[in-house]
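The block underneath contains the structure these notes are about, expressed in structure tokens.
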Amino acid sequence: MPDAPGLELIAHEINDRHAGAITGTSYEHAQAALIVDPQRIREVLSHLRDAPEHEYRFLASLHGADYLPADPRFAVHYELLNMPRVERLRVKAPLVDPGPDALPEIDSVFELFPSVEFPEREVYDLFGILFRDHPDLRRILMPEDYVGWPQRRDFPIGGDPVIFTNNEHTVPGWVR
Amino acid sequence: MSIADTTRTEKQLGRDAIARTEAQVIGTSPIERTALEREEELFTINMGPHHPATHGVLRLLVSLEGEVVRDLKPVMGYLHTGIEKSMETKSYWKAITFIERMDYLAYFFNMEAFCGAVEKLLELEIPPRAAYLRIIHMELNRIHSHLVGLGTTSLDLGAISMLWYAFRERDKILDLFEMSSGQRMHTRYFQVGGVIEDIPVGFEKRVLEFCDEMPKRIDQYEALIDQNEIFLQRTRNTGVVSKERLLELGVTGPLLRAAGEPWDLRKVSDYLPYKDFEFQIPIGTTGDNYDRYRVRMDEMRESVKIIRQAIEGLPEGPFSSDDRKVVLPPRHELSTSMEALIHHFKLVTEGFRVPPGEVYFPIEGPRGELGCFVVADGSAKPARVHMRDPSFTNLQALRDMCVGGYVADLIANLAMLDPIIGGIDR
Amino acid sequence: MLRGDLEGPDLDEYVESRVLTTTLQKAQNWARGNSLFPATFGLACCAIEMIAMVSARYDTSRFGAEVFRASPRQADMLILSGRVSIKMVPVIRRVYDQMLEPKWVIAMGACSSSGGMFANYAVVQGADKFLPVDVHVPGCPPRPEALIYGILKLQRKVFEQPDLGWRDRYAAHGTEEGERRRHAGAIGVERAGTSPADGILGGDGDVAVSVKEALAGAEAGAHLSGHEAQDAAEYERGPDSRDLDPPGPDAGDKPGG
């Protein structure tokens, strides 16, 4: 894991190369995270993958998170790993919720890391985040005709109500 | 056959039959005829989700040209359980039961990933006895997972006896789990801060007996199928993917090690004191199915070594951390101490609060890197839990493994990939 | 023993002690129950315990149920082992429809019986929402011995009354099985409209009557034995409102009936 000063150096270096790409850093529990402008995600990740002093060639995981009361609401996390040095770096791309009629969008990094094919589909399926230029963006875990983005915080958990004696007569088919 | 008959069959039967019927009309033998003609039409078949060989409910759309696979599309989601969202509604303590049912053959690993992540968020150290107990149970679970994987693989390849022998050993391991926690599967044995209960008297003896017996059993399995001509024909040089391509696809675990890359999180990271033990990482050479099988067999032997070293060097001490704000007090304290009772009550009803933060905690599961990403928002329930499951990413390699090979090799590849659909679909 | 050595009741007793007589129905049920072929339908964790049940330690082969048929056409029992996700429901229903009568379903584990611990958007809360389930085996996962006990319960049901059970008891309103049987004349129920959903909720208020008729028809046709007769009688009586409320101060009264 790059330590806190190392993380700042990386952030400054990337900001020198691609101005304004890194909007913040976060170092907690000995894990380093770069907070990135989502429109520049491809530049940042290709720099981290190809620059000889970084070489984070393995993308261990891509996942999304919904921080609902907080703004920006969504974030896509990329867990990068440099295997020879055993260093992990998290890249976090916060996305603003564009309202109920549109979906947040971010570029897909499929050409850089082919391992994101299924994870990006999963984030699209469960959060509704569109990945531009993904080869095959469709639902992966929910049925294809499902409506709704289940893992968003405002999506109800679902399931059946628990049947007690005070509501059993309102549940259809339970007591005749 | 008249001309009218051939037009009817053309509509009903399809092109393959036409080739044969034309041969009958013209007079050359059908075999010669099909050897001359190239099949140019792709025939897409659907394997699963209900299929004897798909290791769970995985659906594969396979495009075939004759017997050769040209394209493969896995369709998943038939076991999607919404575990990650359900965990957001339960306190950290109760969420452990959800997360252990994700990858249902590696339940101790699921628990360790989640508990380790939460312990990292809380900056909580677990006592050495708990760490060793966790390692023992996790390595037993690794052997268990490899046994079930090898048993079902042999079932798919036709060597059914191996299934019975593997499950015989699996029952012995489950007896050990039942001894320490009371349940065979999904034991809920780990908790944030250590383990939930100390091991009973006699456990160490039973584990050592198991460690003595297991290498002989592994020899038995190897004697059974290692030199078996059919098994070798079906697994040698099938499903080969290069190491670089596997790394591009994000594959980890025995598949990557069989291709020659010596990557094992037990050796490179220190989430648990694996460095106290002496064990090796088996590596393959070509990355074909036979190497994957051998890597798993040797991993079982290495796990037996780890278990033996751990149980012989098991340190004395508490089995869970002392921080009573987070860890349940041992039951015998409840009858004597008032604070223990209050802590117990608070922990069971409300649960402990975790300061805000996010962490990604990867461990080495039996199928690869199992990572747990937890976002805590300061309340008693996790705000987001995501498991980076190895089978989900390993499945992306299935297309590379199968394209260009035969359908029969597809079965062997899928079996050796060892996907667990509970982990893929969560 | 020559002809004429025994006469009358002695002869009867001699024959009865040496020859097993039975009806064809009972013999058929005995054969069916002792050779239940499960269809391989492992979904999740319970599937592993199901394989363990078939393996050497908990051998179901001694009960005749170890031949797992991959094709649903050759199977007569479906052991739903594991959580039933919403995407999987049409697949399971199709496999169930492909099985030939008589067929039975065991819902193994908490998840297929009732949704288990997963009360959320993705898991169907119980397989009996879309399939007729004969035996529910609780557990998470149930031990192989528990599943064997479930299979033995199913065997007893098959020996006694394979076709009776939930279909006739609840008259199978609004389900495919019920409609098929109604058209085959097994349940004589007058229906106002043509839609299968007519009779169950609201409609013309004849629900209770038609259900009673169905029960009467079923009872006339078949013989309910033992606890099933008790259950059917209780069902006909309706739920006792006395049972729902806790006993009040005058609980010394003997409850009628």
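Labels below follow one simple rule: chain letters A, B, ... track the order of the sequence lines, proteins then strands, and each chain is numbered from 1. Remember, predicted model here, so these are calculated numbers, not experimental data. Computed over heavy atoms, backbone and side chain alike; hydrogens, waters and symmetry mates excluded.
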Can you list every ring pair (Phe, Tyr, Trp, His ring centres under 6.0 Å) pair that touches residues 31-62 of chain C, not counting sequence neighbours?
-> B:H50-C:F41
Look at C:R57 together with B:D175 and state whether they make a salt bridge at an N to O cut-off of under 4.0 Å.
-> yes
Should the pair B:K381 and B:Y92 be classed as cation-pi, given the thresholds of under 6.0 Å to the six-membered ring centre and 45° from the axis?
-> no
Based on non-hydrogen pairs under 4.5 Å, which of C:V95, C:V91, C:I48 is most in contact with chain B?
-> C:I48
Residues of residues 142-150 of chain C under 4.5 Å from chain B (heavy atom pairs)?
-> C:R143, C:P144
Report, by ascending residue number, the residues of residues 105-117 of chain C in heavy-atom contact with chain B at a distance under 4.5 Å; give 'none' if the set is empty.
-> C:M117
Taking the six-membered ring of B:W93 as reference, does the NZ or CZ atom of B:R188 fall below 6.0 Å from its centre and within a 45° cone about the axis?
-> yes
Interface check, chain C: of B:R168, B:M185, B:R184, B:H186, most non-hydrogen pairs under 4.5 Å belong to B:R184
Look only at the side chain of B:S181 and the backbone of B:E178, and say whether a donor-acceptor pair between them is shorter than 3.5 Å.
-> no
Less than 4.0 Å between a side-chain N and a carboxylate O, is that true for C:D134 and C:K157?
-> yes
Cut-off 4.5 Å, heavy atoms of chain B, and the answer for C:I92 is neither
With a 4.5 angstrom heavy-atom cut-off, could you sort out which part of B:E100 is near chain C: side chain, backbone, both or neither?
-> neither
Without swapping roles, check the side chain of C:Q125 against the backbone of C:F118 for a donor-acceptor pair under 3.5 Å.
-> yes
Which bit of B:T97 comes within less than 4.5 Å of chain C, counting heavy atoms only: side chain, backbone, both or neither?
-> both
Residue C:V84 versus chain B: region with a heavy atom under 4.5 Å | neither
Non-hydrogen atoms of chain C under 4.5 Å away: do they reach the side chain of B:L105, the backbone, both or neither?
-> side chain
Give, as side chain, backbone, both or neither, the part of B:H80 having an atom under 4.5 angstrom from any heavy atom of chain C.
-> both
Does a side-chain heavy-atom distance below 4.5 Å link B:L61 with B:L72?
-> no
Spell out, as yes or no, whether a donor-acceptor pair under 3.5 Å connects the side chain of B:R170 to the backbone of B:S145.
-> no
Which atoms of B:R101 approach chain C - backbone, side chain, both or neither, heavy atom under 4.5 Å = both
Classify the angle between the aromatic ring planes of B:Y107 and B:F177 as parallel (below 30°), tilted (30 to 60°) or perpendicular (above 60°).
-> perpendicular
Heavy-atom proximity to chain C below 4.5 Å, by part of B:M87 | neither
Short side-chain to backbone donor-acceptor contact, C:Q155 and C:G33, under 3.5 Å | yes
Between CE of B:M416 and CG of B:D409, what distance do you get to the nearest 0.5 Å?
-> 11.5 Å
Is any side-chain heavy atom of B:P382 closer than 4.5 Å to a side-chain heavy atom of B:E88?
-> no
If only atom types and distance count, is the side chain of B:D103 paired as donor or acceptor with the main-chain N or O of B:G423 below 3.5 Å?
-> no
Who are the side chain to side chain donor-acceptor pair (under 3.5 Å) partners of B:T44, not counting sequence neighbours?
-> B:S63
Where on C:A44 is there a heavy atom nearer than 4.5 Å to chain B: the side chain, the backbone, both, or neither?
-> both
Just give me the residue among C:A52, C:A56, C:A39 that pairs up with chain B most often, heavy atom to heavy atom, under 4.5 Å.
-> C:A52
